[in-house]
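Throughout, residue positions are numbered sequentially from 1 according to the sequence presented. Just so you know, these numbers come straight off a predicted model, no measurement behind them.
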Amino acid sequence: MGRLAAFAVAFGLSAAAWAHPCEGPLPPTHTALFTRLDAAGPADWPAVLAEAQAAAAEGTPAARACAHYVAGSAAFFLSRPAADRAHHAWQAVRHLVTAQALAPAAMAEKRAAARLDNAWARVPDAPGWPAAAGARPVTLNSPGGTVRLAPPLDGEAPIELELPAGSHRLTLRPGPWRLGRVGRCAAPPQGVTLGGGAVAVPGKACPVTLTVTDDGAAVDGVALVGPEGPIPVEGLRGGGTVTVQAPGYLAARVALPAEGGPIQVALRRCPVSLEVTTEPPGVPLAGAGPGPWGPRTVTLWPEGPHPAPVAVAVPRPTGCADARHAARITAPHPLTAQGLDGTEAPVAISRLVVAQQAVDPAGFHLPPGRHVYQATAPGLGLTLGQFVVPTCGDPRGCAPLPLEVRWRRTPGGPARAAAPDGPGPQITLAVGGLIAAGGLVAGAQALATQRDIDGYTSPAVDRRRLDDLFAERDDQALTADVLLGIGLTTAAVGLVWFLLR
């Protein structure tokens, strides 16, 4: 029986009054440590303190609580008047509070509670701690894990406690502390003022990488809003929820997992009401009304024999509330293409390109105006041409306009072969270059005419002259397109002929 226990029995005190965390079944090493502490003198306390600190690093919670209690008691004994009294007093508090977190019931007994109170009484006042204020019970609401409590004491180690999720009542000095977590995703320590109430321990703060996309493409202008206001995208941490916002998109509320990691958020585009007017007015259509902004397809005469799909680009709005976009569509004209060879016999068109788009010769639509085509047919090769599409003025739809695509030769006709050493390839290359040069000249003339148009400052004085300039520019541009196409094609034929002869 230890000296203190024998003293209690001699004076008739109950054994429960002297209960402590080292009672009960424990490893022999821990029981021996407590026995040594009970019988040790001042010369033995440093060794007991060192061994108890080592034993506190492992074992069951009960074993570690006993080791921290022995270490705290040894440090408390060492804090008697000496040069390092303050340091040993804080060591005693640190170990005894840790034992309190591990074995709260045992540390609530009179002997253990009195030792903790006495240890606190020997800790000097720190900046911000109320003078002569004793330690008080403080409740820490922990989400689980290791918690770090750093006092405003220079050079002293903080208190580190393993607190399961829940509320924990600890004896601490009121005043300013630094409260944080230890381990993976530890939040930076926060300044808190402890008093007699409850304090929440910060949760995990694992880094979160947020990628906001729209159909796989990154969204610009992203802003994050939390419960307390805007949050920077950089340095985002796990836990809680955040609202993701971007101009032109519906806001999305996202839960941030506590374990952090990459998160991809797909935003939905704002619905925009597309309001379409047609020329001529009254053309039946489908595809207008509300829908996401971006490329839309409006179909004119959707129930007619020749429905015409028209692409409309709906711009991205700044906000979703009552977003609208007005578009005016000139009704395109339906067309069909028929290929004819040099004898006016019909031929099958294998590929037809108009306005840099491949179209189906059996039926396609084009807006009014002048157009250039490129066509190929088996055995006939490439042909180029131009045509004019009139305006379809009937709101009920117009009959398809026939387009004749002509070649000057016939399929399987005799082909003229050049002599092996003849000048045929060189002549073909030269002719192609001359034609292409003519295209460049026509293009330069079109640019010069455009400059005349740009410098025409008084169109109201002579509207007819301005219309003539527009027509002249269009003719020159069309001529340039045709000549360049023919010239480059001819030059390519000459080059292949030269390389293969």
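Evaluated for a side-chain contact (heavy atoms from CB on, under 4.5 Å) with E162, the options V182, T98, T146 yield exactly one hit, T146. Exactly one of V208, L224, V265 qualifies for a side-chain contact (heavy atoms from CB on, under 4.5 Å) with V242. That residue is L224. When the options R94, R148, R64, R181 are evaluated for a salt bridge (Lys or Arg N to Asp or Glu O under 4.0 Å) with E160, the one that passes is R148.
Atoms CZ and OG, from R324 and S273 in turn, are 5.0 Å apart once rounded to the nearest 0.5 Å. With rounding to the nearest 0.5 angstrom, the NE2 atom of H325 is 6.5 Å from the CG atom of L274. With values rounded to the nearest 0.5 angstrom, L140 atom CG is found 7.0 Å from L194 atom CG.
With sequence neighbours excluded, the residues satisfying side-chain contact (heavy atoms from CB on, under 4.5 Å) with V359 are L352, V354, F364. Every residue two or more places apart in sequence or in another chain that forms a side-chain contact (heavy atoms from CB on, under 4.5 Å) with R269 is listed here: D214, Y249, P292, W293, P295. Residues satisfying the ring-ring contact (aromatic ring centres under 6.0 Å, His included) criterion with W301, sequence neighbours excluded, are absent altogether.
You'll find the side chain of Q338 reaches within 4.5 Å of the side chain of P346, heavy atoms only. A 4.5 Å side-chain heavy-atom check between Q374 and L382 finds at least one atom pair inside the cut-off. Using a 4.5 Å cut-off on side-chain heavy atoms (C-beta onward), L149 and L179 make contact. Under the 4.5 Å side-chain criterion, counting only non-hydrogen atoms from C-beta, I159 is not in contact with P151. A heavy-atom distance below 4.5 Å is not found between the side chains of L366 and P332. Within the 4.5 Å cutoff, the side chain of V276 has no heavy atoms near those of the V310 side chain. At least one side-chain heavy atom of L380 sits under 4.5 Å from a side-chain heavy atom of R409.
Crowding of E344 atom CD: a count of heavy atoms from other residues, nucleotides or ligands under 6.0 Å exceeding 12. Heavy-atom contacts from other residues, nucleotides or ligands closer than 6.0 Å to CG of D360 number more than 12.
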